[in-house]
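Notes follow the structure.
Quick note: numbers below take in every heavy atom, side chains included, and nothing from hydrogens, waters or symmetry partners. Atoms within a ligand are numbered from 1 in the order they appear, just like the ligands themselves.
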Amino acid sequence: MKRTKVVSALKGTDLGKEVNVKGWVRFHRTSKAVDFIAVNDGSTINNIQVVVSPSDFDPDTLKKITIGSCISVIGTLVKSKGKGQAYEIQCKSIEIYGLCPSDYPMQKKGQSFEYMRKYAHLRLRTNTFGAVFRIRHHLAMAIHKYFDEHGFYYFNTPLLTSSDAEGAGDMFQVTTLDIDHDKIKPGAEGKTDYSEDFFGKKVNLTVSGQLEGELGATALGAIYTFGPTFRAENSNTPRHLAEFWMIEPEIAFLDMTGLMDLEEDFIKFCVKYALDHCQDDLAFLNKMIDKGLLERLQSVLKEDFVRLPYTEGIKILEEAAKNGHHFDNPVSWGIDLASEHERYLVENHFKRPVIMTDYPKDIKAFYMKINEDDKTVQGTDVLFPQIGEIIGGSVREADYDKLLSEIHRRHIPMKDMWWYLDTRKYGSCPHAGFGLGFERLVLFITGMQNIRDVIPFPRTPKNVEF
Ligand code: 4AD
Ligand code: MG
């Protein structure tokens, strides 16, 4: 018999007919007259209620169907007489696929997220994580749809590279490991050769696909990447991961205004897409996790993002400090803004997203176009409520000599950069792009508080279980 997904059963598609639903038990209430079993199969946040007459079943078997068990139910889909659901299944037969012993770590409701992180392999079966990962999926689809519809090509950049795109040195180096399996047989002396390089070359995991993305944009016009990115920062914050997913569009002939327009339009499209495609999951998260979530998402759509030069932003922060607002990190022109500064601007001062522009060149990467003042660059960070920086982007330096002199000034090894410089040597063109941290977008849209809870298997310093 064909399986009916819970999401379609709950729409009453096969009303009055026999259906077969398969899934995991979320709840089982027993009484003399009737048993209620709530089943969820991951297709929706909602469960289907299965109504069982205990007299029709072996009582010992029925008792064993505890929370977490996996079952297949055949029964008639009927209108529910009870409150809380429109349809339910009048059970005819139950097949047990897998029982769930009482030490099931996800059995109790209301466990802390910290507790659940220890069970990343099982937390996926809870309501909250089901909602988060369905939303994450829809956002990934939204991203491809947006760029496809706007004429961007999906461009795949390498994960193994020999360059440091951000020049920050936060890279994981790749080591080749040669295990001789014949020699690991019992009794034999094992042989494992570690070599610090990749067949004679130093190679690291990519920190950003941007530089290769620029090669794509300066040939195909407009591209975007969407893939894993690795940062060896020892940052134990609710906003940092060692492995995260980044979306990096890169566009030929785009200037600063065009870049900011794209950043804003793209984020708004993603927020709107989630509101349109994830209504049940967002309603659940709004009720259980963050009561202000839906309102915040709606307000992002309505308001224009503030566009604020860094120098103006520093003045606002200095003024706030003068008026008694305490910052742990002192404010002055030239500092790299701390998250408390970014959040003050977004949450206290403007109360809406801010695109900050024209940062001091020394706190930004080597590839950003330098302004006429020779002090600031055409970089943009999009700062969001609850999150801080969600996007980093810039107009790129298109002038060969200026880019080369910046590479020298920063002592970036030239041997790593010759191919990048070729884009400026041969038919250079003005271009711009940005990077959006996918998990930070998912964090904002789900209202979750910790980035470890919006990626299925988080990697942070000292955490690579699973
Ligand atoms: O600001 P970042 O470092 O910029 C770049 O990598 C540029 N190459 C992007 C470009 O212009 N193509 O990173 C971009 C975004 C940040 O704004 C943030 O959202 C996210 O990536 N990000 C992280 N997310 C999670 N964990 C980390 N450790 C992150 N580091 C950056
Ligand atoms: Mg940044």
Side-chain angles (χ1 to χ4, degrees), residues 136 139 143 147 152 155 157 161 163-172 205-217 222-251 254 256 259-260 262-263 266-267 270 310 336-339 341-342 346 353-357 359-360 363-369 377-384 386-397 420 431-445 448 450-455 458-461 463:
R136 185 178 164 113
L139 285 171
I143 287 159
F147 288 119
F152 288 64
F155 190 70
T157 51
T161 70
S163 62
D164 175 7
E166 290 304 293
D170 299 325
M171 295 170 297
F172 291 106
L205 297 177
T206 185
V207 295
S208 158
Q210 178 197 319
L211 304 191
E212 294 90 349
E214 286 183 54
L215 310 183
I223 60 92
Y224 71 104
T225 71
F226 186 178
T229 318
F230 305 87
R231 301 268 167 110
E233 314 163 88
N234 195 3
S235 304
N236 269 299
T237 84
R239 306 280 172 268
H240 288 88
L241 289 165
E243 176 181 316
F244 64 100
W245 285 63
M246 187 152 44
I247 296 102
E248 294 185 277
E250 193 69 35
I251 311 94
L254 196 72
M256 190 71 165
L259 177 65
M260 289 190 284
L262 178 68
E263 291 170 344
F266 171 59
I267 295 193
C270 292
Y310 169 92
D336 202 357
L337 296 188
S339 127
H341 303 134
E342 296 174 342
V346 175
V354 171
I355 307 183
M356 187 170 264
T357 65
Y359 285 84
I363 59 168
K364 288 292 180 191
F366 71 95
Y367 50 69
M368 295 193 184
K369 186 175 168 67
V377 285
Q378 295 192 10
T380 64
D381 275 6
V382 181
L383 311 177
F384 251 55
Q386 315 276 318
I387 305 294
E389 179 191 332
I390 195 163
I391 277 183
S394 76
V395 174
R396 318 305 187 189
E397 183 56 72
Y420 184 64
H431 60 287
F434 68 81
L436 169 90
F438 188 43
E439 285 73 21
R440 294 199 185 167
L441 178 72
V442 183
L443 256 190
F444 177 72
I445 291 180
M448 298 294 284
N450 194 311
I451 200 159
R452 295 167 178 80
D453 298 331
V454 297
I455 184 163
R459 268 84 181 93
T460 48
N463 179 11

What's the spacing between [X] [atom1] and [Y] [atom2] if we round to 0.5 Å?
{"X": "Met246", "Y": "Phe434", "atom1": "CE", "atom2": "CZ", "answer": "11.5 Å"}
{"X": "Arg396", "Y": "His431", "atom1": "CZ", "atom2": "NE2", "answer": "6.5 Å"}
{"X": "Asn450", "Y": "Glu439", "atom1": "CG", "atom2": "CD", "answer": "12.0 Å"}
{"X": "Arg459", "Y": "Arg452", "atom1": "CZ", "atom2": "CZ", "answer": "12.5 Å"}

How close does the nearest protein non-hydrogen atom get to [atom], and which residue and atom is it?
{"atom": "atom 15 (C) of ligand 1", "value": "Gly435 O, 3.6 Å"}
{"atom": "atom 18 (C) of ligand 1", "value": "Arg440 NH1, 3.5 Å"}
{"atom": "atom 4 (O) of ligand 1", "value": "Glu166 OE1, 3.8 Å"}
{"atom": "atom 19 (O) of ligand 1", "value": "Ile390 O, 2.8 Å"}
{"atom": "atom 26 (N) of ligand 1", "value": "Leu241 N, 3.0 Å"}
{"atom": "atom 20 (C) of ligand 1", "value": "Gly437 CA, 3.6 Å"}

Any donor-acceptor N/O pair, Arg440 side chain to Glu389 backbone, under 3.5 Å: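 At least one qualifying donor-acceptor pair exists.
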Should you measure from each heavy atom of [X], which atoms of ligand 1 turn up under 4.0 Å away?
{"X": "Ile391", "value": "17 (O)"}
{"X": "Ser208", "value": "6 (O), 8 (N)"}
{"X": "Tyr367", "value": "7 (C), 8 (N)"}

Run the side chain to side chain contact (heavy atoms under 4.5 Å, CB included) check on Glu248 and Thr157 step by step: do they pass? CA-CA 10 Å; Glu248 294 185 277; Thr157 51; 5.8 Å; no
Selected option - heavy-atom contact closest to atom 2 (P) of ligand 1, from Gln210, Glu233, Glu248, Arg231: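 It is Arg231 that holds the nearest heavy atom.
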Per atom 17 (O) of ligand 1, closest listed option by heavy atom (Glu389, Glu250, Met246, His240):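 When every heavy atom of Glu389, Glu250, Met246, His240 is considered, Glu389 comes closest to atom 17 (O) of ligand 1.
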Between [Y] and [X], is there a side-chain heavy-atom distance shorter than 4.5 Å?
{"X": "Phe155", "Y": "Glu250", "answer": "no"}
{"X": "Lys364", "Y": "Asp381", "answer": "yes"}
{"X": "Leu337", "Y": "Met356", "answer": "yes"}
{"X": "Thr225", "Y": "Glu212", "answer": "no"}

Report the part of Phe230 in contact with ligand 1, treating N, CA, C, O as backbone and CB onward as side chain, heavy atoms under 4.0 Å; options are side chain, backbone, both, neither.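 Neither part.
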Region of Phe244 engaging ligand 1 - heavy atom pairs below 4.0 Å: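 The answer is the side chain.
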Should [X] be listed as contacting ligand 1, given a heavy-atom distance under 4.0 Å as the test?
{"X": "Trp245", "answer": "no"}
{"X": "Arg396", "answer": "yes"}
{"X": "Glu439", "answer": "no"}
{"X": "Arg239", "answer": "yes"}

Heteroatom test (N, O or S) for Glu389 near the Mg ion (ligand 2), limit 2.8 Å: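 Yes, within the cut-off.
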Would you call the rings of Tyr310 and Tyr359 parallel, tilted or perpendicular, where under 30° means parallel and over 60° means perpendicular?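 Tilted.
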